[in-house]
Student: 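Have a look at this one before I ask anything.
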Amino acid sequence: MNFVDHLRQELLVRSRRNSSYSLRAFAASLELDPSTLSKILRGKRSIGKKFILQVGPKLGLNQQEINSFIKNVKTVTRDPESDPHFNVTESEEIAIHPSQLPEAVEKIRKFRRSMAKFFGETEKGYEVYTLSVTLSPGTKTRS
């Protein structure tokens with residue numbers, strides 16, 4: 001479940017407890033503008049780590065739960081339905097053994113090459129995008 005799904009679920013739970021509970025009341029409890037919250041819940045506005053850090057505690061989430069949502073945050077900087085030139089950034093923390101690194105690097109190289117081949121040669125009228133795949137250490141080795 002991502003953070004927006006969690007927000008939707010929390011609104012549903014509160015609405016079931018109190019049939020007159022509204023989006024406006026939910027937004028007030030989170031100290032958000034109702035219009036902004038509505039856009040977020042409908043997927044028309046993206047959220048980031050800062051939003052999760054601000055709203056998470058107001059939902060009663062502990063730091064571990066907040067960090068879990070942050071770790072899996074997906075940010076869409078433009079609405080893909082209305083703008084075909086949108087940016088998507090996804091990240092995921094994974095545990096890997098150092099012995100797997102050479103194979104992982106090779107898979108990343110193959111992926112990059114396959115994407116370059118998929119998009120083909122650039123011609124007039126094409127736009128330039130940057131495809132970036134990063135594999136970098138996030139923690140010390142676990143025993």
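Please read these numbers as outputs of a predicted model, since none were measured by experiment.
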Student: Do I96 and F111 sit in one hydrophobic cluster, given that two such residues count as connected whenever their side-chain heavy atoms are within less than 4.5 Å of each other, even indirectly?
Tutor: yes
Student: For residues P57 and I66, report the shortest heavy-atom separation together with the two atoms involved.
Tutor: CD-CD1, 3.7 Å
Student: To the nearest 0.5 angstrom, please state how far the CZ atom of R8 sits from the CZ atom of F26.
Tutor: 11.0 Å
Student: Could you give the distance from NZ (K107) to CD (Q100), rounded to the nearest 0.5 Å?
Tutor: 10.0 Å
Student: For residues 11-24, which residue pairs pass the side chain to side chain donor-acceptor pair (under 3.5 Å) check, not counting sequence neighbours?
Tutor: E10-R14, R14-Y21, R14-S29, N18-S20
Student: Assigning hydrophobic clusters by single linkage (Ile, Leu, Val, Met, Phe, Trp, Tyr; side-chain heavy-atom cutoff under 4.5 Å), is F118 placed with I108?
Tutor: yes
Student: Does the side chain of K117 come within less than 4.5 Å of R113's, by heavy atoms?
Tutor: no
Student: Step through the shown structure and confirm whether more than 12 heavy atoms of other residues, nucleotides or ligands are within 6.0 Å of CD on E103.
Tutor: no
Student: List the atom of L23, the atom of S38, and the distance in Å for their closest heavy-atom pair.
Tutor: CD2-CB, 3.6 Å
Student: Looking only at heavy atoms, which two atoms of A27 and P34 are closest? And how far apart?
Tutor: CB-CA, 3.6 Å
Student: Does the side chain of L7 reach to within under 4.5 Å of the side chain of L30, using non-hydrogen atoms?
Tutor: yes
Student: For atom NZ of K39, decide whether the heavy atoms of other residues, nucleotides or ligands shown that lie under 6.0 angstrom number more than 12.
Tutor: no
Student: Could you tell me if the side chain of N67 sits less than 4.5 Å from the side chain of Q63, heavy atoms only?
Tutor: yes
Student: According to a hydrophobic-cluster definition based on side-chain heavy atoms being under 4.5 Å apart (Ile, Leu, Val, Met, Phe, Trp, Tyr only), do L53 and L32 belong together?
Tutor: yes
Student: Looking at CG of N2 and CD1 of I52, how far apart are the two atoms once the value is rounded to the nearest 0.5 Å?
Tutor: 8.5 Å
Student: How many angstroms lie between atom CG of L11 and atom CD of Q9, to the nearest 0.5 angstrom?
Tutor: 9.5 Å
Student: With sequence neighbours left out, write down each residue that passes ring pair (Phe, Tyr, Trp, His ring centres under 6.0 Å) with F69, or none if nothing qualifies.
Tutor: F3, H6
Student: Tell me whether Q54 contacts the main-chain N or O of F51 through its side chain, where contact means a donor paired with an acceptor under 3.5 Å.
Tutor: no
Student: Look up atom OG in S114 and atom NZ in K110, then write down how far apart they are to the nearest 0.5 Å.
Tutor: 10.5 Å
Student: Rounded to the nearest 0.5 Å, what separates atom NZ in K44 from atom OG in S35?
Tutor: 13.5 Å
